[in-house]
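These notes concern the structure reproduced below.
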Amino acid sequence: QVQLVESGGGLVQPGGSLRLACAASTSIFRNYDMGWYRQAPGKQRELVAVISSGGTTNYKDSVKDRFTISRDNAKNMVYLQMNSLRPEDTAVYYCNAAWLRPYWGQGAQVTVSS
């Protein structure tokens with residue numbers, strides 16, 4: 001069983017920045033592909049960014065060049081740096097860990113509004 005705890009969400013003005021963090025409770029964190037998903041009200045959950053166990057990254061087209069996913073295997077942490085935030089980025093952001101099975105965090109609210 002892996003527990004994921006997100007932090008760093010909040011309210012930010014358009015054009016601002018936030019950094020989400022996810023702490024994972026596993027001794028084999030390095031084996032997991034880690035991802036950030038988001039779900040806006042009335043919409044399906046969607047993949048935002050993923051970083052493989054080997055460090056390969058992939059992004060949703062609309063966040064490329066604005067968001068950066070990274071991981072620190074020594075600290076069992078994954079991060080999502082979000083810059084140039086837009087109102088359409090408003091959603092609950094979920095951390096995901098995937099290896100033999102997927103695990104989800106409880107979610108962190110990100111609201112982009114003036």
Query raised in the report: With a 3.5 Å cut-off and no angle check, do the side chains of Gln109 and Thr111 form a donor-acceptor pair?
Result: yes

Requested in this report: Ignoring hydrogens and angles, tell me if any N or O in the side chain of Arg71 forms a donor-acceptor pair with the backbone of Asn76 under 3.5 Å.
Outcome: no

Report task. Give a yes or no answer on whether the side chain of Gln13 reaches the backbone of Ser114 with a donor-acceptor pair at less than 3.5 Å. Result -> no

Query raised in the report: Can you tell me if Tyr59 uses its side chain to pair, donor with acceptor, with the backbone of Leu47 under 3.5 Å?
Result: no

Query raised in the report: When the ring centroid of Trp99 is compared with that of Tyr32, is the distance short of 6.0 Å?
Result: yes

Query raised in the report: When you measure from the side chain of Asn96 to the backbone N and O of Tyr103, does any donor-acceptor pair fall under 3.5 Å?
Result: yes

Requested in this report: Would you give the length of the straight line joining atom CD of Glu88 to atom OG of Ser62, rounded to the nearest 0.5 angstrom?
Outcome: 8.0 Å

Query - Pair Phe67 + Trp36: ring centers closer than 6.0 Å - result: no

Report task. Tell me, with the steps shown, if Arg86 and Asp89 meet salt bridge (Lys or Arg N to Asp or Glu O under 4.0 Å). Result -> CA-CA 5 Å; Arg86 305 168 180 170; Asp89 295 318; 5.3 Å; no

**Report entry** Sidechain-backbone polar pair: Thr90 side chain, Val112 backbone, donor-acceptor under 3.5 Å
**Finding:** yes

Query raised in the report: Is there a donor-acceptor pair closer than 3.5 Å between any side-chain N or O of Glu46 and the backbone N or O of Arg38?
Result: no

Query raised in the report: Side chain of Asp33, backbone of Ser53: donor and acceptor closer than 3.5 Å?
Result: yes

Requested in this report: Using modelled atom types only, decide if a donor and an acceptor are shared between the side chain of Arg66 and the backbone of Ser84 within a distance under 3.5 Å.
Outcome: yes

